[in-house]
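Numbering starts at 1 and runs along the sequence shown. As the structure is a computational prediction, the values presented were derived from the model and not from experiment.
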Amino acid sequence: MGKQLEKLIFSDCLEQAASYSALIARELQQIREHLIASGCEVVFCGGDSILVKASSDFIVSPELLSKNGITWSVGVGEKPSDAALTLKKAKALGRNRVEIFGVE
């Protein structure tokens with residue numbers, strides 16, 4: 001996501017950059033709403049990261065995480081600190097990942 005936005009900005013395509021930013025915001029909001037409707041507590045939702053408080057058996061649909069060429073990192077845990085650790089792990093291991101605390 002960041003590289004695409006940088007490419008648009010450095011190419012002086014500010015109108016396209018604004019459109020891309022709006023798309024990101026809409027997609028992130030849809031994911032947030034889905035997670036809340038599924039009984040999760042969204043602790044942080046911004047950029048390309050979502051920090052979720054949920055039971056360790058919660059499953060996030062892969063289709064939800066990759067739409068319109070945008071990928072997201074998600075950390076899930078029963079405590080916010082667990083979710084934060086798994087979010088760092090998801091970002092470190094690559095794109096379009098969900099990591100759940102305590103699940104290998």
Side-chain angles (χ1 to χ4, degrees):
M1 169 184 335
K3 288 184 181 187
Q4 176 65 22
L5 191 55
E6 284 179 352
K7 178 181 175 185
L8 292 170
I9 291 169
F10 288 129
S11 299
D12 293 325
C13 300
L14 297 184
E15 193 172 301
Q16 289 175 310
S19 294
Y20 186 66
S21 178
L23 173 65
I24 292 167
R26 284 191 306 273
E27 295 292 337
L28 192 60
Q29 183 61 26
Q30 287 178 1
I31 293 170
R32 182 180 182 278
E33 289 171 2
H34 172 79
L35 293 169
I36 290 170
S38 299
C40 297
E41 179 183 341
V42 176
V43 178
F44 173 81
C45 186
D48 63 350
S49 303
I50 304 168
L51 187 103
V52 178
K53 182 180 174 194
S55 64
S56 59
D57 60 351
F58 179 73
I59 297 172
V60 177
S61 166
E63 296 82 33
L64 185 66
L65 297 178
S66 183
K67 294 174 20 183
N68 296 314
I70 303 169
T71 61
W72 309 93
S73 300
V74 179
V76 178
E78 293 180 6
K79 299 185 299 187
S81 58
D82 296 343
L85 285 171
T86 57
L87 176 59
K88 285 184 89 61
K89 181 179 178 183
K91 293 180 94 38
L93 294 176
R95 297 178 177 181
N96 200 32
R97 293 187 68 90
V98 176
E99 291 293 329
I100 300 172
F101 189 83
V103 176
E104 295 296 322

Pairs of donor and acceptor atoms involving the side chains of residues 31-43, under 3.5 Å and at least two apart or interchain, shall be tabulated with distances.
residue	atom	partner	partner atom	Å
E33	OE2	Q29	NE2	3.0
S38	OG	H34	O	2.9

Just to verify, what does [X] make a side chain to side chain contact (heavy atoms under 4.5 Å, CB included) with, not counting sequence neighbours?
X: A17; answer: L5, L8, I9
X: K91; answer: D48, S49, S73, L87
X: S11; answer: K7, C13

**Item:** Under 3.5 Å donor-acceptor, T86 side chain and I100 backbone
**Value:**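 Such a contact is absent between T86 side chain and I100 backbone.
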**Request:** Tell me who clusters with L93, hydrophobic residues only, linked when side chains sit under 4.5 Å apart either directly or through other members.
**Result:** none
**Connected-component partners of F10 among ILVMFWY, side-chain separation under 4.5 Å** = none
**Prompt:** About how many Å separate CZ of R26 and CD1 of I24, when rounded to the nearest 0.5 Å?
**Reply:** 10.0 Å
**Item:** Distance-minimising heavy-atom pair for P80 and K53
**Value:** CD-CD, 4.4 Å
**Item:** Connected via hydrophobic side-chain network under 4.5 Å: L23 and L28
**Value:**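 Linked within one cluster.
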